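Reviewing the structure listed below.
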Protein chains: 2
Amino acid sequence: MGADPVARKMGFRTIKQEVLNRIRNGIWPPDTLLPSEAELADEFSTTRTTVNRALRELAEEGYLDRRRKAGTRVQRTPIRHARLAIPQAEDEVAASGQPYRYALIRREARPAPDWLAAKLSLSAAQQSVIHVRAMHYAGSTPFQFEDRWIVENSVPQAASEGFDRISPGSWLIREVPFSNAEVSFSATAADMEISSFLEVDVGDPLFLVERITWLEGNPVTFVRLFHGKGYKMKTVY
Amino acid sequence: MGADPVARKMGFRTIKQEVLNRIRNGIWPPDTLLPSEAELADEFSTTRTTVNRALRELAEEGYLDRRRKAGTRVQRTPIRHARLAIPQAEDEVAASGQPYRYALIRREARPAPDWLAAKLSLSAAQQSVIHVRAMHYAGSTPFQFEDRWIVENSVPQAASEGFDRISPGSWLIREVPFSNAEVSFSATAADMEISSFLEVDVGDPLFLVERITWLEGNPVTFVRLFHGKGYKMKTVY
DNA sequence: CAGTGGTCTAGACCACATG
DNA sequence: ATGTGGTCTAGACCACTGT
């Protein structure tokens, strides 16, 4: 065997695959120090640029750990990441082929409650918030109950928006498209109000998505999205 | 104004930022066709390689849509993706600083029930499965109830593993580290058995992770992970 | 067919972390 | 101090796809 007699096209994809194979076959067990980029480039008869891209992507995908001077090592436990889309209710319903409908329940401007001020670390100037509750439907079926708080100081335009035709989510994505967010997923029990809107029994388990959004360090919005019975968030990795 | 008088270091990061700014400021509204890589390279006094990396990453992050010949366009609705790690219970507990404990409840080899055979599209040779139920604890607190099915034909080594000292999850990651998976997250109600193990009331909402794993097209395992009260899966994006 | 992105080459300089 | 990855340059050929 030895070197491949008919060297195949050595693209960065081929190199990624070959490196994965060597890890998989135990040639490079976890924690192994890989040869340097220069050495690999030589072995694969290619340039360091190409090797770099292959290794950089593998590191991004969780298989390798790279550090300057220290070199490239095989991760002890490959940390796999699922990539999951966080779609708007509207898009999610539309993707299922059902007609989407939005309905505002209530919109009110008011001072931020203490728990919200604490949760978002609101400054004195950010104490004025807008509370919006709304429903999203897939056809005639309740899809999602939205309970949202918007920091007026961070998005002044919200003061003049009634949210009776457009959902706060869609509106925000248009007004503040580039933001950072912290999301959490959990299970919770339906309270009386939510159960009536989602048409489930009180106490029924609901899939809950909570998200805090910032724009350049300023808190923009906190939202709780309660999903109807049977909802599953799926992904592949 | 016009051209920047003191041109700053034009790395691919700077270009990414500048492109994002132009989208954000409405200079390049959604659906806009961006200048070609060559033109941008010229504008930023850099090479096409650098521009390519900037745009490629922005496309990967969901901001741009790139097609040969068609060019690069601004996404209508930026599709944001959250990257979330799918850790082993053991790692998750350890990360919280609490002592981890594993306890096997039952392990039994048996023919696959019909629903499982259907769910995994099991062939005739894959009808023999191992059913494992186990608990994961954080200190003395129940953390996770694991209900797992392993296809014996796909992982023959499982036949001689008792799973009384090592959890099926940890064992599988060692034996079959490179697999594809389909994951779903949902909320469910605790049944009598699970509620007793997780020390919650029957009917209480539980966060449920379900995962099907394949190795080169062959079904390896199906697992349901029921998480204790108050569990939240968090991520940032 | 022609224009665009996709990728590779060959070489260089630099930042950084480790020894 | 030195080796490694991080990044950039300048140029080239190719693959795909819209016109």
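Any value given below was found using the heavy atoms of this structure, including those in side chains, with hydrogens, waters and symmetry copies removed. Lettering follows sequence order; numbering is per chain, from 1. Please read these numbers as outputs of a predicted model, since none were measured by experiment.
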Between the protein and nucleotides 11-13 of chain D, which nitrogen or oxygen pairs are less than 3.5 angstrom apart?
from	atom 1	to	atom 2	distance (Å)
D:dA12	N6	B:R48	NH2	3.1

Greater than 12 external heavy atoms within 6.0 Å of B:R67's CZ: no
Give a yes/no on whether any side-chain N or O of A:T46 is located under 4.0 angstrom from OP1 or OP2 of C:dC8. no
OP1 or OP2 of D:dG6 versus the side-chain N and O atoms of A:N52: is any pair under 4.0 Å? yes
So, is A:R56 close to the D:dG5 phosphate, meaning a side-chain N or O under 4.0 Å from OP1 or OP2? no
Starting at CZ of A:R53 and ending at C1' of D:dT7, how long is that distance when rounded to a whole Å? 14 Å
Listed pairs under 3.5 Å, donor-acceptor, residues 134-145 of chain A side chains, sequence neighbours left out:
from	atom 1	to	atom 2	distance (Å)
A:H136	ND1	A:Y100	OH	2.6
A:H136	NE2	A:E146	OE1	2.6
A:Q144	NE2	A:H227	NE2	2.9

Hey, is the main chain of A:R83 close enough, under 3.5 Å, to the side chain of A:T235 for a donor-acceptor pair? yes
Could you work out, with side-chain contact (heavy atoms from CB on, under 4.5 Å) as the rule, every residue matching B:K234, not counting sequence neighbours? A:S184, B:K232
Salt-bridge test for B:R56 and B:E37: reply yes if a basic N is under 4.0 Å from a carboxylate O, no otherwise. no
Which residues share a side-chain contact (heavy atoms from CB on, under 4.5 Å) with A:D31, sequence neighbours left out: A:R76
Near DNA chain C, under 4.0 Å by heavy atom, which residues of residues 31-42 of chain B? B:S36, B:E37
Side-chain donor-acceptor pair under 3.5 Å between A:Y63 and A:R24, yes or no? no
Test: A:K119 and A:E182 ion pair at under 4.0 Å: no
Starting at CD of A:E60 and ending at P of D:dG5, how long is that distance when rounded to a whole Å? 16 Å
Rounded to the nearest angstrom, tell me the gap between atom CZ in B:R66 and atom C1' in C:dT4. 9 Å
Is A:Q126 reaching over with its side chain to a backbone N or O of A:S123, donor-acceptor style, under 3.5 angstrom? yes
Atom-to-atom span, CZ of A:F44 to P of C:dT9 - whole angstrom: 13 Å
Please tabulate the protein-to-nucleotide N/O contacts below 3.5 Å involving nucleotides 15-19 of chain D, giving atom names and distances.
from	atom 1	to	atom 2	distance (Å)
D:dA15	N3	B:R68	NE	3.1

